[in-house]
Novice: 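Below are the structure tokens for one structure; questions will follow.
Only heavy atoms go into these numbers, but all of them, side chains included; no hydrogens, no water, no symmetry mates.
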Amino acid sequence: MTIPLPFMLVMIIANLLFLSSKISSETNTISQLQPLPDGTTLVSEDGTFELGLFSPGSSTNRYLGIWFKTIKPKTVVWVANRDNPINNTNSTTKLTITKEGNLVLLNQNNNISWSTNTTTKATNVVAQLLDTGNLVLRDEEDNNPPKFLWQSFDHPSDTLLPGMKLGWEKVTTKGSLNLNRYLTAWNNWEDPSSGHFTYGFSRSTIPEKQMWNGSSLFFRNGPWNGIRFSGTPSLKHRPLFGLTFVYNADECYFQFYPKNSSLISRIVLNQTDYALRRFVWVEESQKWKLYMTVPGEYCDEYNHCGSFGYCAMLGKFPSCKCLLGFEPKSPQNWVASNWSQGCVLSSKRWRCREKDKDGFALFSNMKVPDTNTSWISRYSNMTLEKCKEKCWENCSCTAYGSSDITGKGSGCILWFGDLLDLRLLPNAGQDIYVRVDISQIGAKGGSTSRKVLVVVTGIVSSIIAILVIFVLVYCNKFRSKDVMKTKVKINDSNEEELELPLFDFDTIAFATNDFSSDNKLGQGGFGPVYKGTLPDGQDIAVKRLSQTSTQGLTEFKNEVIFCSKLQHRNLVKVLGCCINEQEKLLIYEYMPNKSLDFFLFDSSQSKLLDWSKRLNIINGIARGLLYLHQDSRLRIIHRDLKASNILLDNDMNPKISDFGLARMCRGDQNEGNTSRVVGTYGYMAPEYAIDGVFSIKSDVYSFGILLLEALSGKKNKGISYSNSSYNLIGHAWRLWKECTPKEFIDTCLGDSYVISEALRCIHIGLLCVQHLPDDRPNMTSVVVMLSSESVLPQPKEPVFLTEKVSVEEHFGQKMYYSTNEVTISKLEPR
Ligand SMILES: *[C@@H]1O[C@H](CO)[C@@H](O)[C@H](O)[C@H]1NC(C)=O
Ligand SMILES: *[C@@H]1O[C@H](CO)[C@@H](O)[C@H](O)[C@H]1NC(C)=O
Ligand SMILES: *[C@@H]1O[C@H](CO)[C@@H](O)[C@H](O)[C@H]1NC(C)=O
Ligand SMILES: *[C@@H]1O[C@H](CO)[C@@H](O)[C@H](O)[C@H]1NC(C)=O
Ligand SMILES: *[C@@H]1O[C@H](CO)[C@@H](O)[C@H](O)[C@H]1NC(C)=O
Ligand SMILES: *[C@@H]1O[C@H](CO)[C@@H](O)[C@H](O)[C@H]1NC(C)=O
Ligand SMILES: *[C@@H]1O[C@H](CO)[C@@H](O)[C@H](O)[C@H]1NC(C)=O
Ligand SMILES: *[C@@H]1O[C@H](CO)[C@@H](O)[C@H](O)[C@H]1NC(C)=O
Ligand SMILES: *[C@@H]1O[C@H](CO)[C@@H](O)[C@H](O)[C@H]1NC(C)=O
Ligand SMILES: *[C@@H]1O[C@H](CO)[C@@H](O)[C@H](O)[C@H]1NC(C)=O
Ligand SMILES: *[C@@H]1O[C@H](CO)[C@@H](O)[C@H](O)[C@H]1NC(C)=O
């Protein structure tokens with residue numbers, strides 16, 4: 001028809017030639033004279049890839065595609081006419097090259113089903129299937145890749161092969177503008193037409209690898225940070241693949257290559273289950289082995305935790321937290337695990353650039369927030385200090401961080417507005433600094449995120465240079481990024497990684513005025529306790545452990561982390577620790593109301609503890625102890641329960657401190673016999689003081705003493721008193737027998753107490769201090785007894801120790817103690 005006769009003749013001859021050549025060998029090239037009819041294929045020179053027409057699954061549609069020649073079942077890596085199939089099983093379909101030098105797929109009616117669209121003119125054009133799986137259109141004489149007229153690698157389907165670029169080019173060598181290479185999933189396994197699930201680079205100033213479901217962002221790999229894409233976990237194994245990332249004014253792309261070139265691998269986007277997977281071919285089993293899947297975890301879901309929230313995996317489950325300094329926008333939704341609304345700044349008094357209020361908090365191991373509306377420094381040599389200044393100056397800047405984290409980090413990214421899609425990535429991610437009210441996060445210290453350390457800013461240009469330098473030195477001291485980690489087995493199948501901030505020694509020394517005696521709060525069994533104030537204003541209590549630990553450093557760290565995980569409203573919160581060769585420090589939340597003994601045994605202060613407060617304190621201690629004994633993952637025996645170890649918060653709620661220290665510092669078994677006694681004279685159960693046998697029941701004994709002290713306002717003077725009338729237990733026993741609690745109850749309470757309650761408490765106290773451990777109730781029973789009206793068993797008459805017991809004799813060891821309130825902790829072999 002429109003084809004001139006001579007040309008047709010040439011075509012026929014060419015066809016004949018082609019048929020004859022097909023018999024002799026496979027070909028990898030078609031030319032203008034040699035089209036490729038249906039039923040024949042091109043095979044790359046090394047025999048890896050094959051190009052031809054195929055019908056996926058049960059479909060009758062014909063598609064032009066490329067697949068691995070030797071791999072069964074057929075694994076298609078590229079489809080040409082995916083959105084315009086040829087609907088005819090026995091067609092005279094063919095692939096040919098036009099006069100103009102375009103590759104076209106013609107159906108049985110000679111209609112164009114698919115075509116390349118090159119504008120460059122060339123005379124002798126050939127199409128060749130390369131060993132890489134790339135179908136290229138080129139001048140027959142010119143084998144130089146940059147001169148290719150067209151290549152299938154520029155138009156990916158759903159699969160990325162080694163050497164393929166994923167990304168965009170502003171101006172290609174071929175003159176076509178805005179080439180964007182991204183993956184588009186098949187609609188399903190037998191329909192290669194373009195799905196709505198895509199994967200490629202964003203076109204923003206900070207390109208990110210992103211996955212889209214239609215028009216909604218589904219997953220971000222995050223921007224390149226010099227080592228990896230920000231949202232990628234660090235690789236555990238020696239990687240099988242290398243990758244290239246190029247970003248400049250003209251182009252941005254990502255490429256991967258196997259480190260061993262004989263490895264066959266592909267990355268494919270799948271819309272059936274919304275995943276990107278990397279497979280590796282295993283010759284032995286003749287199977288594709290799954291190597292990696294993204295998104296991999298719930299936390300990968302885009303913006304799972306809303307703005308200013310971040311996602312952390314708790315075992316297999318995602319958990320959202322607000323960044324420190326932020327609180328849930330809707331607390332009701334938040335507790336119901338509907339995190340979509342995210343968090344807002346908790347401080348209502350924050351003012352941009354206000355001294356001592358406006359500052360930045362450091363968050364480590366973070367996948368950086370969405371960079372859609374971010375700014376990046378042009379030069380990669382910009383320092384973090386400069387970056388901070390730049391953020392500080394602009395009131396809509398909400399966070400900053402290094403753009404390249406290799407080495408010490410360099411370059412600068414600023415974020416504006418809401419921070420979206422943050423997540424915690426153990427061993428990966430990077431530091432980012434989020435703008436908060438630093439005066440507030442001090443007060444709330446650690447309640448939202450323990451990983452967060454605070455950096456003070458407030459550097460205003462008006463502050464004289466010396467001060468600036470001072471603050472910078474100060475900041476560096478405080479900026480300890482280290483976090484201790486340990487793996488904890490929750491049950492047989494689940495391990496959880498726990499972590500605890502490691503403070504650096506200089507920071508703590510600074511916070512406590514070099515452990516000055518003015519800052520000393522007290523002296524506990526395991527060392528002195530100091531008050532300190534962190535640079536952000538948060539008050540802390542620091543326990544400087546004496547050199548008693550016999551444990552290895554690692555075991556000790558693990559114990560600390562373990563105990564930091566114990567969380568109960570009646571336990572003091574461990575904020576972190578500091579460990580080096582010489583020093584072991586534990587950092588706790590600071591309790592402004594000191595300890596119970598301060599109130600109880602002081603005639604003026606004890607008036608502040610009315611009856612209901614005392615009952616609340618007794619109940620709180622009981623619940624805290626029950627948690628230690630039973631509810632926590634570790635069975636912890638406190639071994640040094642006493643009034644000075646019960647701290648009081650602002651509302652006079654009791655919090656047990658020093659729990660777990662016996663374990664940490666001694667490394668003893670849970671229950672058993674020890675030659676090293678930790679405990680305090682007066683609170684120690686007889687079997688423990690005398691025989692060194694301890695158990696949860698020895699803690700119950702100490703609780704009983706504590707209870708009696710709280711009721712009477714008197715200190716138990718210990719087991720050595722020969723005159724039982726001075727002995728608190730004996731005293732309680734006698735008055736309980738006579739049903740006259742009045743004499744026992746603290747006189748400063750006057751008549752404000754309820755007699756029946758008081759009697760019940762004394763009764764419970766006496767049950768707890770019974771001589772034989774087996775007779776004493778456990779803490780579960782104690783909690784029940786305290787909160788119910790049930791009938792209580794009769795306590796056995798306590799055995800009064802009428803002789804001073806020499807502990808030395810029993811242990812054959814020397815023991816240092818004084819009769820007033822000092823923990824027996826230092827023991828030395830004689
Ligand atoms: C293919 O052709 C058959 C018959 O010509 C028709 O019934 C069918 O709908 C066509 N399928 C597609 C996908 O166009
Ligand atoms: C298609 O193929 C079938 C058998 O495979 C044949 O009977 C039929 O005539 C063919 N149709 C055309 C249009 O070639
Ligand atoms: C295919 O070719 C026929 C005849 O040449 C024409 O009538 C028809 O419109 C063409 N179809 C397409 C989709 O181009
Ligand atoms: C081919 O490219 C030109 C310009 O680059 C464009 O105008 C034209 O629509 C394209 N044709 C096809 C079939 O894609
Ligand atoms: C997508 O994955 C499913 C299994 O997860 C598989 O059955 C299906 O063939 C895959 N689809 C494509 C297009 O590869
Ligand atoms: C993807 O988008 C479609 C259409 O909006 C929606 O029906 C589907 O649930 C989305 N899939 C996922 C996994 O979000
Ligand atoms: C590459 O892999 C092949 C096949 O697994 C193996 O025989 C060869 O030793 C490997 N080469 C290197 C350098 O590891
Ligand atoms: C989460 O909260 C938002 C805002 O209140 C609401 O629109 C949405 O329906 C909630 N989602 C679920 C799953 O309850
Ligand atoms: C990115 O920012 C542009 C405007 O700067 C906005 O139109 C677009 O919706 C943003 N994309 C996302 C995913 O937020
Ligand atoms: C950073 O690099 C740019 C360009 O290479 C240079 O002009 C500038 O002086 C450098 N700045 C510093 C502080 O080194
Ligand atoms: C702060 O940054 C935003 C976003 O880059 C910009 O639009 C605004 O002009 C800047 N404001 C100032 C005061 O520089």
Novice: Under a 3.5 Å cutoff, is there a donor and acceptor pairing between the side chains of Asp746 and Ser712?
Specialist: no
Novice: Run the ring-centre check on Tyr588 versus Phe503 and record whether the distance is less than 6.0 Å.
Specialist: no
Novice: So do the side chains of Glu327 and Val344 get within less than 4.5 Å of each other, counting heavy atoms only?
Specialist: yes
Novice: Let me confirm one number: the CG-CG distance from Asn365 to Leu424, rounded to the nearest 0.5 Å.
Specialist: 6.0 Å
Novice: Taking the side chain as every heavy atom from C-beta outward, state whether Pro777 and Met785 have any pair of such atoms under 4.5 Å apart.
Specialist: yes
Novice: Would a 4.5 Å heavy-atom cut-off, applied to side chains only, mark Trp334 and Cys322 as touching?
Specialist: yes
Novice: Looking at Trp415, Phe363, Phe360, which one forms a ring pair (Phe, Tyr, Trp, His ring centres under 6.0 Å) with Tyr400?
Specialist: Phe360
Novice: Provide the closest heavy-atom pair for Asp649 versus Asn593 in the form atom of the first, atom of the second, distance.
Specialist: O-ND2, 2.9 Å
Novice: What is the distance from atom CG of Asp437 to atom CG of Asp356, rounded to the nearest 0.5 Å?
Specialist: 10.0 Å
Novice: Between Asp300 and Arg423, does any NZ, NE, NH1 or NH2 come within less than 4.0 Å of an OD or OE carboxylate oxygen?
Specialist: yes
Novice: How close do Leu625 and Leu641 get, heavy atom to heavy atom, and via which atoms?
Specialist: CD2-CD2, 3.7 Å
Novice: Under the disulfide bond (SG atoms under 2.5 Å apart) rule, what do Cys305 and Cys311 come out as? Steps first, then yes or no, please.
Specialist: CA-CA 6 Å; Cys305 296; Cys311 194; 4.0 Å; no
Novice: Just by distance, no angles: are the side chains of Ser516 and Asp514 close enough, under 3.5 Å, to form a donor-acceptor pair?
Specialist: no
Novice: Please name the pair of heavy atoms, one in Gly765 and one in Leu708, separated by the smallest distance, quoted to 0.1 Å.
Specialist: CA-CD2, 4.2 Å
Novice: Of all heavy-atom pairs between Ala710 and Leu600, which one has the smallest distance, and what is that distance?
Specialist: CA-CD2, 3.7 Å
Novice: How close do Val529 and Ala541 get, counting heavy atoms only, and between which atoms?
Specialist: CG1-CB, 4.3 Å
Novice: Is there a side-chain contact between Arg220 and Val368 (heavy atoms, below 4.5 Å)?
Specialist: yes
Novice: Would you indicate whether the side-chain heavy atoms of Phe326 and Leu419 approach each other to under 4.5 Å?
Specialist: no
Novice: Without swapping roles, check the side chain of Lys655 against the backbone of Arg569 for a donor-acceptor pair under 3.5 Å.
Specialist: yes
Novice: Check whether any side-chain N or O of Arg623 sits under 3.5 Å from a backbone N or O of Val783 as a donor-acceptor pair, and report yes or no.
Specialist: no
Novice: If I take atom NE2 from residue His304 and atom CG from residue Asp421, how far apart are they, to the nearest 0.5 angstrom?
Specialist: 10.5 Å
Novice: Are there more than 12 heavy atoms of other residues, nucleotides or ligands under 6.0 Å from atom NZ of Lys594?
Specialist: no
Novice: Between Val782 and Ile764, does the side-chain contact (heavy atoms from CB on, under 4.5 Å) criterion hold? Intermediate values first, please.
Specialist: CA-CA 7 Å; Val782 171; Ile764 295 167; 4.3 Å; yes
Novice: I'd like to know whether NZ of Lys357 has more than 12 heavy-atom contacts from other residues, nucleotides or ligands below 6.0 angstrom.
Specialist: yes
Novice: Does Gln341 reach the main-chain N or O of Ser330 with its side chain, forming a donor-acceptor pair under 3.5 Å?
Specialist: no
Novice: Mind checking the CG-CZ spacing from Leu571 to Phe659? Nearest 0.5 Å is all I need.
Specialist: 4.5 Å
Novice: Is the backbone of Arg776 close enough, under 3.5 Å, to the side chain of Lys697 for a donor and an acceptor to pair up by distance?
Specialist: yes
Novice: Should Thr398 and Asp418 count as side-chain neighbours, where that means a heavy-atom distance under 4.5 Å?
Specialist: no
Novice: Yes or no on side-chain contact (heavy atoms from CB on, under 4.5 Å) for Trp350 and Arg435, after CA distance, side-chain angles and deciding distance?
Specialist: CA-CA 10 Å; Trp350 176 85; Arg435 193 166 205 151; 3.7 Å; yes
Novice: Main chain of His638, side chain of Asp699: is a donor-acceptor contact present, judged purely on distance under 3.5 Å?
Specialist: yes
Novice: With side chains defined as the heavy atoms from C-beta onward, is the minimum distance between Asp539 and Pro592 less than 4.5 Å?
Specialist: no
Novice: With no hydrogens and no angle check, is any side-chain donor or acceptor of Asn619 less than 3.5 Å from a backbone partner on Ser787?
Specialist: no
Novice: Taking the side chain as C-beta and beyond, is there a heavy-atom pair between Asn716 and Tyr683 under 4.5 Å?
Specialist: no
Novice: Please determine whether side-chain contact (heavy atoms from CB on, under 4.5 Å) holds for the pair Lys329 and Phe308, giving the CA-CA distance in whole Å, both sets of side-chain angles, and the decisive distance to 0.1 Å.
Specialist: CA-CA 10 Å; Lys329 189 164 183 192; Phe308 300 110; over 6 Å; no
Novice: Give a yes or no answer on whether the side chain of Ser657 reaches the backbone of Asn645 with a donor-acceptor pair at less than 3.5 Å.
Specialist: yes
Novice: What distance do Ser307 atom OG and Asp370 atom CG have between them, rounded to the nearest 0.5 Å?
Specialist: 11.5 Å
Novice: Are Asp597 and Lys715 ion-paired here, with the side-chain N under 4.0 Å from a carboxylate O?
Specialist: no
Novice: What distance do Leu575 atom CG and Tyr590 atom OH have between them, rounded to the nearest 0.5 Å?
Specialist: 14.0 Å
Novice: Are the side chain of Tyr627 and the backbone N or O of Gln567 linked by a donor-acceptor pair below 3.5 Å?
Specialist: yes
Novice: Could you check whether any side-chain N or O of Gln605 sits under 3.5 Å from a backbone N or O of Phe598, counting only pairs where one atom can act as donor and the other as acceptor?
Specialist: no
Novice: Just by distance, no angles: are the side chains of Asn778 and His629 close enough, under 3.5 Å, to form a donor-acceptor pair?
Specialist: no
Novice: Do Ile540 and Ile508 pass the side-chain contact (heavy atoms from CB on, under 4.5 Å) test, and can you show the C-alpha distance, the side-chain angles, and the key distance before you say yes or no?
Specialist: CA-CA 9 Å; Ile540 52 172; Ile508 301 301; 4.2 Å; yes
Novice: Tell me whether Ser346 contacts the main-chain N or O of Gly325 through its side chain, where contact means a donor paired with an acceptor under 3.5 Å.
Specialist: yes
